[in-house]
Amino acid sequence: MSDNALTLAQLEQKNAFVRRHIGPGEDEIAQMLQTIGAESLEDLTSQTVPAGIQLDEPVNAGEGATEVEALSALKAVAAKNKINRSFIGMGYYDTHVPNVILRNVLENPGWYTAYTPYQPEIAQGRLEAILNFQQVTIDLTGLELASASLLDEGTAAAEAMALAKRVSKNKKANLFFIADDVHPQTKDVVETRAEMFGFGIVSGPAEEAAEHDVFGALLQYPSTTGEVKDISDIITAVQAKKGIVAVAADLMSLVMLKSPGELGADVALGSAQRFGVPMGYGGPHAAFFATRDKFKRSLPGRIIGVSKDTRGRPALRMALQTREQHIRREKANSNICTAQVLLANMASFYAVYHGPEGLKTIARRIHRLTDILASGLTGKGLALMHNTWFDTITVKVDDKAAVLRRAYEKGLNLRSDIEGAVGISLDETTTRDDISALFEVLIGHEHGLDVEKLDADVTTQGSRSIPADLTRTSDILTNEVFNQYHSETEMLRYIKSLENKDLALNHSMISLGSCTMKLNATAEMIPVTWPEFGQLHPFAPLDQATGYHEMIDELAEWLISITGYDAMSMQPNSGAQGEYAGLLAIQRYHESRGEGHRNVCLIPSSAHGTNPASAQMVSLKVVVVDCDKNGNVDLDDLRSKAKEVGDNLSCAMITYPSTHGVYEETIREICDIVHDHGGQVYMDGANMNAQVGITAPGFIGSDVSHLNLHKTFCIPHGGGGPGMGPIGVKSHLAPFLPNHRVVDIENAEEDCGAVSAAPWGSASILPISYMYVKMMGAAGLRKASQVAILNANYVAKSLEGHFNVLYKGQNGRVAHECIIDLRPLKDGSGVSEMDIAKRLNDYGFHAPTMSFPVAGTLMIEPTESEAKFELDRFIEAMISIRQEIAKVESGEWDATDNPLHNAPHTLADICDSDWNRSYDRHLAAYPVPIVARNKFWPSVNRIDDVYGDRNLQCSCAPIEAYRDE
Ligand SMILES: *Cc1c(COP(=O)(O)O)cnc(C)c1O
């Protein structure tokens, strides 16, 4: 049909977003279908997905929209949020995101589309940024060792409790102490975790911590109501009884205060949000976590460490626990997989940009404004709850309701949950006018106070609000990196220099199986940095967040329809946290029916490591179910294990399509077997990209799933987070979804505790998934799944004859990913999956998922977003590598003097005047001609893992180490 004959509607259709999201155009789809021998996408779907589980009806996800339409619709929704000046505090503070960081990191796909740095040779930039984050944490907390970020302050505190239990010498104790003046949401998250671990919680004034027989204690410094007090005696007393003390601290206050480490703490943790990351109605933000060196093997999450490459140069990598859950499974320290790397990077850049002097100036100014506010109020006869503070005061008021009303009328939010008082926290954005406005609210129109005059008074009298012995005397941020990039030009270049070392989706496809590295469209990302979404405090009154809730509710409706469930909780902020929340719901459900004894979780051997790690967090015993030679769950084994476990069966955790990349025909039977024994089915939703619009977990027969919105629903991976892991449940589990102690969640039961610090998790990245569904619509989503399947089958088919595709379904089809088996090649040539992964870097690609779920394999997931051109480039690279391996097999190339063994090749190799290899430089760097079009240079050579773990160094190397380069 010529374009002239198209109707207006058809013309508009041609311009739909679907065409941008899905890589291949119609012609390419037709060619690929031909290659794999399918007639149409529908034909391929029916060959691939078992007939019994295909949806009859389209999902409810709208008609689709153009980028312009969707953005303007969401803008109208966002406008319904009311942005007040926030003085609520409680761990969330307004901040100025330095514009150079906003534009060049948060809004830059070079940073936000990268993956977790499992391939460190092509990730040195973000590894350096995270190492800087660890250094900031180490300096400000005064402890020896820091991690590369956790999900939020609440879960970091829960991890601290788990660490305390692991390392405390008070082995018989089963109690954990939480001081009364810890943030309420932190308490909530820790108590939920304790309940499921079977720990008892005692609370009371911090001073009473050592009166109990505890394995650990959690204190807050400064306290939730702002008090700055010396907790060193309390710490010593708890430690004298072999308890471990964790201190939740505020990063900005630590610039001025004596560090938790200096006070004797074993663990320090908290949120790095106010280091230049918007509040975003709760997240995402990076939590920091630091502890003693001797506890390094008990640390939750990841650590970046310094090692060296084959040229002897310093090189960064993930140390120790790199693939912790995958190796240690239910014995892992924690289930944390996706963390908050992008936000940790932002916070570290904030520290780099401001430097120690800049941070001190910011902290002192905040403190000065607080002194001024306190002095004005007390001068007028108001009473404060404490005599000490950094940035937070709690003001006693007679008529709290009237004060709050006056505040709201003036557009100010105060903390409202303290009896007979209001809390006021100041931050970097507070102005003189804000102070005057606060005087008006608390004293009245005729307060007669002058900020300048009060400032002069405080300056001459000197401030006593921080006790002298709690004033920091130790240096912070002395490393060169924090003292070098303080002009915007220098900062811009530093950020860019790191970005250049990293391979992200803006360079080439990242075909990581199970991780679904699809397009993160710009239109989806734009709303994230709208102030209407960014500047809301998570505990702002609900009537100020109408826009947020309209967006969240609509997204939840879509996701409910897409998953076939009845209810959705947005609280978990990673897939693994979703698993935890889902298992929690299952256990609460069993308890409600008097079957709390059910304590066994069946998990197939092919499961992702977070599954057993999460099961352990709700005290479930893991029983492993075998897989058969086709990669399917062995039904006989499942039957016999379920029978054996009998009445004690709590649930089974199943991934669908399986991690082996096939749609098991028997999935309904699997669900039935579990249900027949009174168990619940947890379907891991990481592979939803093969289900959306085609089938659905709830429709298949599962009871609960998490969705990785950062996989299937387009939230970028951020170099290792953020993520969102909402869970969908059937109606019988709905009463057991997480609630929140500070903000009551509609329809959630009173006694269900929180799993995250914020009621709706990392709410500010939900617009990404909202935009995706809104623009794609039901038909677009289904087509995306179909093309994801097509692309995987096209890759599988094209690699056949060169590599062995390990698992296939009934008609010889794979699902949305395929596994190629490298073990036979290794046996014949000595070339390992690692060599192949690193050699792919020379071709400009990130390696597919290595050795999961089967050791010695690569799992390739191209996603629907990759066009045929890019798939062909990848296929060409893989085939060329296969031919290289053949040369090693035949003996034409030496076993070690070959480009596979020496990969990746760096510019330093190629420019080395002493190039003494048996192959030439051109072959090393430009193995196929197309590489020259867009050559990516790994910035370091292969990194020595063993050296890095033996000589663990997790702080910034002195600059001398880099001098010889
Ligand atoms: C990614 C993944 C998870 C964990 O999700 P996170 O968001 O990283 O915590 C769980 N299961 C499977 C199969 C996955 O691929």
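Position 1 is the first residue of the sequence; numbering continues from there. Start at 1 and go down the list; that is how both ligands and their atoms are numbered.
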Counting only N and O atoms by type, is there a donor-acceptor contact under 3.5 Å from the side chain of His706 to the main-chain atoms of Gly582? no
Could you go through ligand 1 and list every pair where one of its N or O atoms sits under 3.5 Å from a protein N or O, giving the atom names and the distance to one decimal?
unit_1   : atom_1 : unit_2 : atom_2 : d
ligand 1 : 5 (O)  : Asn708 : ND2    : 3.0
ligand 1 : 7 (O)  : Thr338 : OG1    : 3.2
ligand 1 : 7 (O)  : Gly575 : N      : 2.7
ligand 1 : 7 (O)  : Asn708 : ND2    : 3.2
ligand 1 : 7 (O)  : His710 : NE2    : 2.6
ligand 1 : 8 (O)  : Thr338 : N      : 3.1
ligand 1 : 8 (O)  : Thr338 : OG1    : 2.6
ligand 1 : 9 (O)  : Gly575 : N      : 3.3
ligand 1 : 9 (O)  : Ala576 : N      : 2.8
ligand 1 : 11 (N) : Asp684 : OD1    : 3.4
ligand 1 : 11 (N) : Asp684 : OD2    : 2.6
ligand 1 : 15 (O) : Ser514 : O      : 3.2
ligand 1 : 15 (O) : Ser514 : OG     : 2.6
ligand 1 : 15 (O) : Lys711 : NZ     : 2.7

Are His608 and Phe852 near enough that their ring centres are under 6.0 Å apart? yes
Out of curiosity, Lys641 NZ to Leu649 CG, how far, rounded to the nearest 0.5 Å? 13.0 Å
Residue list, salt bridge (Lys or Arg N to Asp or Glu O under 4.0 Å) with Lys808, at least two apart or on another chain: Glu800
Tyr580 six-ring centre to Arg193 NZ/CZ under 6.0 Å and within 45° of normal: yes
Does Arg668 count as lying over the ring of Phe699, i.e. NZ or CZ under 6.0 Å from the six-ring centre, within 45 degrees of the axis? yes
